[in-house]
Amino acid sequence: MGSLHKFSVILLILCFATLGSAQYVKYKDPKQPVSVRVKDLLGRMTLAEKIGQMTQIERENATAEQIAKYFIGSVLSGGGSVPAPQASAQAWASMVNEMQKGALSTRLGIPMIYGIDAVHGHNNVYKATIFPHNVGLGATRDPDLVKRIGEATALEVRATGIPYVFAPCVAVCRDPRWGRCYESYSEDPKVVQSLTTLISGLQGDVPSNDVGRPYVGGSKKVAACAKHYVGDGGTVKGINENNTIIDTHGLLTIHMPPYYNSIIRGVSTVMVSYSSWNGVKMHANHHLITDFLKNKLRFRGFVISDWQGIDRITSPPHKNYSYSIEAGIGAGIDMIMVPYTYTEFIDDLTEQVNNKIIPMSRIDDAVYRILRVKFTMGLFESPFADSSLADELGKQEHRELAREAVRKSLVLLKNGKSSYSPVLPLPKKAGKILVTGSHADDLGRQCGGWTITWQGQPGNNITAGTTILSAIKATVDPSTTVVYSENPDSSVVTGDKYDYAIVVVGEPPYAEGFGDNLNLTIPEPGPTVIQTVCKSIKCVVVLISGRPLVVEPYIGGIDAFVAAWLPGTEGQGVADVLFGDYGFTGKLSRTWFKSVDQLPMNVGDAHYDPLFPFGYGLTTQAHSS
C-alpha cells in the first residue's frame, strides 16, 4: 500500500507540475494589476490575434465560428440590427453569449466586446425605455437627472447581455440644419460639458485615484464612448459628415471641451467623426487623434472608428482601401468598425504590418488599449450575460425616470397672448377639448430617429409607450370630453364648442444625413392645422422636433407654445406639465432663430437676433393638489 501511495503522490505532483505550468497564467489572474495582465497577454499574442482584437464586425455576419477563426475582438449592432423583430432580453443575451463562446474557444480565450448605439435608452430593443433625445435633456440643465438616465440605460443594456454603448454624443451642434442636432445637448459647450455625467451613470463613478483612466464599475455598468471626435457639430451649413472650418482656438474652445470632461470621468472609448477639420478627414488626423487626444490629453482608453469610417477617408468611399487602412491606423485609431468586409481588412492590415508600412509598435498600442478596457471592465471574469438582469428592460422605475426627464425637458415659449392671461396650466375639468395634429397619437414620431430602427418610423406598434393623446385622456377629469381629429377641416373646428385645443405637430423621424434640412419648416399639414385650429379655438401648440423650426409666421396666432423636442416613450410627462401637476422649468439649450437666413447663429454671436434666445423658458407653478 505504501509504495502504491508513494507512486500516487509522485503522479499527482507530476500532474500538478504540468498543470501548473499550463494553468497559472498571469493575465488570467484578477489579483494582478491591469497593466501586468495586459503586458503578459500582449506578449503571448501572434499578429493574427492582435489584428483580430482591432476588428469590429457587424452582428449579421458574426458567427461563433468566424469570431474564433479570425480572433475577432468586437461585434456591433448597427442601428436596427437585431436578432429578431421584437426580440426579448433573453434572445439578445443568448445571441451575445453564443458569439462569446466563439471568442473564448480560441487559444488565448480573449473575450469579445459587444457594442451598440444606446443613445436615448437602449433604443434598438423592443420594449426598452426610450428617454428624451439629448436636445431635450440639454433643456433640463440637470446633470444629476442625466446621470440617473445613464444608470438606468446601463442596466437595460446589461439586461440584453451587452457591455458597451456608443454613447454619449458630446457634439456641440452649432447649426440646427444638421440632421444629428437632436443628438447634441446644446450649442453651448458648457452645457454639453455639464451633461457628461451620463458617462458616470453608464460606467460608474471613477475612483479618485484613477481619474482620467478608463473605468467601468462592474457587471451592472457598461463601457461608454464619447463621440464624434471632434467638430462633428460644426460643419458648413450643418451638412452631415462635412467640413468644419474653424481655427484652432475655435476648435479647442467650442468643440473640444466636452472631451476634457469625458476623459476625467474615465470614458473607456472615443469614436472618431466622419467629418473633416479644415479639409482634413478626422479619420486620418494623426495630430488630433495621437498627438492631442492620446499624448496631450493622456486618454488611455481605445479610439474606435465610425461605421466604415476609414472607407470614407477617400471619395468615393472604399476607393483605395489599403490607403484608408494605412491612414486610419496610422492616425491612431485602435479599433476599426469594419463592419462587413472584415477579411479584406484583416488581410490588408496584416500585409502592411509584414511589409513594415505600419509599425508593430502602432499595433501594440492599439491592442494594449483594447485589452486595458476589457480587463478594467471585468470582461475576462464575467464574459457572459447575467440572466438575473433581464427584468431591468423597460422597468417601471426607468419609465418613471423617463417621464421625469420629459417633464423637465419641456420649454414653455409663450403662455397667453398677454402675460396677464396665461393659458397654461390647462384646467383638467372642461366641457369639450380638441386634440389634433400628426404627432398627438404617434409613438414613433414622438421618439424620433434611433428608435427600434436606425431612422425611426411613425406608428404606435413599434414598441411599448404612451402617446400624448393617451396621456391627455388619462389626465383630464372623467367628465371632460376629449375629441381627437388628426387633421381637422374648419367644419370640425367650428362645428362644436371647445374649451381649448391642443395641437401636436412636428418633424418626422430621421437620423444622420437623412435629417439634414436647409429650410427647417414644420412639415405640412402642421402649419395648416395650427392656422385652422388656432384661428377659432384657444390653442396650445406642442412642437415635437429635434431642433428649433420656423414658427415666426404662426406665433402671433398661437395662445401658448411648448417645445417638447423628441420626448421618447413616456408621453405622460407632457400631460403632467400641460395640466399643472408639475410646473414648466425647461430652458432653451439652443437659440430659436427667426429665419434660416440667420444661420448659423449661436449665443454670444455679434449679430444675435433670435425669436427666443438661448436660455429662455417661461415657468409655471404646479397646482397644489
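When reading the values below, keep in mind they use all heavy atoms of this one structure, side chains included, and skip hydrogens, waters and symmetry mates. Nothing here was measured: the structure is a model prediction, and the numbers come from that model.
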Just by distance, do the side chain of [X] and the backbone of [Y] share a donor-acceptor pair under 3.5 Å?
X      : Y      : result
His255 : Thr244 : no
Asp499 : Gly431 : yes
Arg547 : Val135 : no
Asn243 : Ile245 : no

Check your understanding: Given the rule in the side chain to side chain donor-acceptor pair (under 3.5 Å) test, do Thr129 and Arg399 qualify, once you have shown the distances and angles that lead to the verdict?
Key -> CA-CA 6 Å; Thr129 309; Arg399 293 190 181 277; 4.7 Å; no

Student check: side-chain heavy atoms of [X] and [Y] closer than 4.5 Å:
X      : Y      : result
Thr196 : Val170 : yes
Arg590 : Ser186 : no
Val191 : Phe614 : yes
Val493 : Ile537 : yes
Asp581 : Thr475 : yes
Pro168 : Ile199 : yes
His623 : Lys428 : no
Val165 : Asp117 : no

Are [X] and [Y] close enough that a side-chain donor and a side-chain acceptor fall under 3.5 Å?
X      : Y      : result
Asn261 : Gln193 : yes
Trp307 : Glu58  : no
Glu156 : His398 : yes
Thr451 : His120 : yes
Asn240 : Trp178 : yes
Glu187 : Thr591 : yes
His122 : Thr153 : no
Asp232 : Ser275 : no

Point to revise | Cys181: disulfide bond (SG atoms under 2.5 Å apart) partners, not counting sequence neighbours | key: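 Listed in chain order: Cys173.
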
Exercise for review: For Cys225, check disulfide bond (SG atoms under 2.5 Å apart) against everything at least two apart and list the hits.
Suggested key: none

Nearest 0.5 Å, what's the [atom1]-[atom2] distance between [X] and [Y]?
X      : Y      : atom1 : atom2 : value
Ile452 : Leu443 : CD1   : CG    : 9.0 Å
Ile149 : Thr197 : CD1   : OG1   : 9.0 Å
His439 : Ser545 : NE2   : OG    : 8.5 Å
Glu507 : Ser438 : CD    : OG    : 11.0 Å
His133 : Cys447 : NE2   : SG    : 8.0 Å

Exercise for review: Please list all pairs passing the disulfide (SG to SG under 2.5 Å) test where one or both residues lie in residues 487-560, with sequence neighbours left out.
Suggested key: Cys534-Cys539

**Study point:** Of all pairs that satisfy salt bridge (charged side-chain N to carboxylate O under 4.0 Å, His left out), the ones with a partner from residues 122-147, not counting sequence neighbours
**Key:** Asp142-Lys408, Asp144-Arg148, Lys147-Asp205

**Study point:** Residue pairs fulfilling salt bridge (charged side-chain N to carboxylate O under 4.0 Å, His left out) with at least one residue in residues 469-482, sequence neighbours excluded
**Key:**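 Salt bridge (charged side-chain N to carboxylate O under 4.0 Å, His left out) check on residues 469-482 returns Lys429-Asp477.
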
N-O pairing of [X] and [Y] below 4.0 Å:
X      : Y      : result
Asp576 : Arg403 : yes
Asp496 : Lys432 : yes
Arg407 : Glu404 : no
Asp609 : Lys594 : yes

Shortest non-hydrogen contact between [X] and [Y], atoms and distance:
X      : Y      : value
Ala89  : Leu393 : CB-CD2, 4.2 Å
Leu520 : Pro548 : CD1-O, 4.2 Å
Pro425 : Gln621 : CG-O, 4.3 Å
Ser589 : Gly138 : CB-C, 3.6 Å
Tyr185 : Leu195 : CD2-CD1, 3.6 Å
Trp92  : Ser81  : CH2-O, 3.5 Å

**Study point:** Contacts of type salt bridge (charged side-chain N to carboxylate O under 4.0 Å, His left out), residue Arg312, not counting sequence neighbours
**Key:**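 If we apply the salt bridge (charged side-chain N to carboxylate O under 4.0 Å, His left out) test to Arg312, skipping adjacent residues, the hits are Glu241.
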
Check your understanding: So among Val577, Leu618, Asn415, Leu424, which one has a side chain to side chain contact (heavy atoms under 4.5 Å, CB included) with Val562?
Key ->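 Result: among Val577, Leu618, Asn415, Leu424, Leu424 is the only option passing the side chain to side chain contact (heavy atoms under 4.5 Å, CB included) with Val562.
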
Point to revise | Pairs meeting criterion ring pair (Phe, Tyr, Trp, His ring centres under 6.0 Å) with involvement of residues 540-562, two or more places apart | key: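 Of all non-adjacent pairs touching residues 540-562, those that pass ring pair (Phe, Tyr, Trp, His ring centres under 6.0 Å) are Phe561-Trp592.
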
Practice item. Keeping to residues at least two apart or across chains, list the ring pair (Phe, Tyr, Trp, His ring centres under 6.0 Å) pairs with something in residues 472-511. Key: Tyr182-Tyr510

Practice item. Applying side chain to side chain contact (heavy atoms under 4.5 Å, CB included), run through Asp306 and Tyr229 and close with a yes or a no. Key: CA-CA 10 Å; Asp306 206 333; Tyr229 184 82; over 6 Å; no

Check your understanding: Passes salt bridge (charged side-chain N to carboxylate O under 4.0 Å, His left out), Glu512 versus Arg180? Steps please.
Key -> CA-CA 5 Å; Glu512 300 192 40; Arg180 303 194 82 155; 3.6 Å; yes

Quick one: list whatever passes ring-ring contact (aromatic ring centres under 6.0 Å, His included) with [X], sequence neighbours left out.
X      : answer
Phe584 : none
Trp277 : none
Tyr274 : none
Phe514 : Trp454

**Study point:** Tyr259 atom OH, neighbour heavy-atom count above 12 within 6.0 Å
**Key:**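 Atom OH in Tyr259 is crowded, with more than 12 foreign heavy atoms closer than 6.0 Å.
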
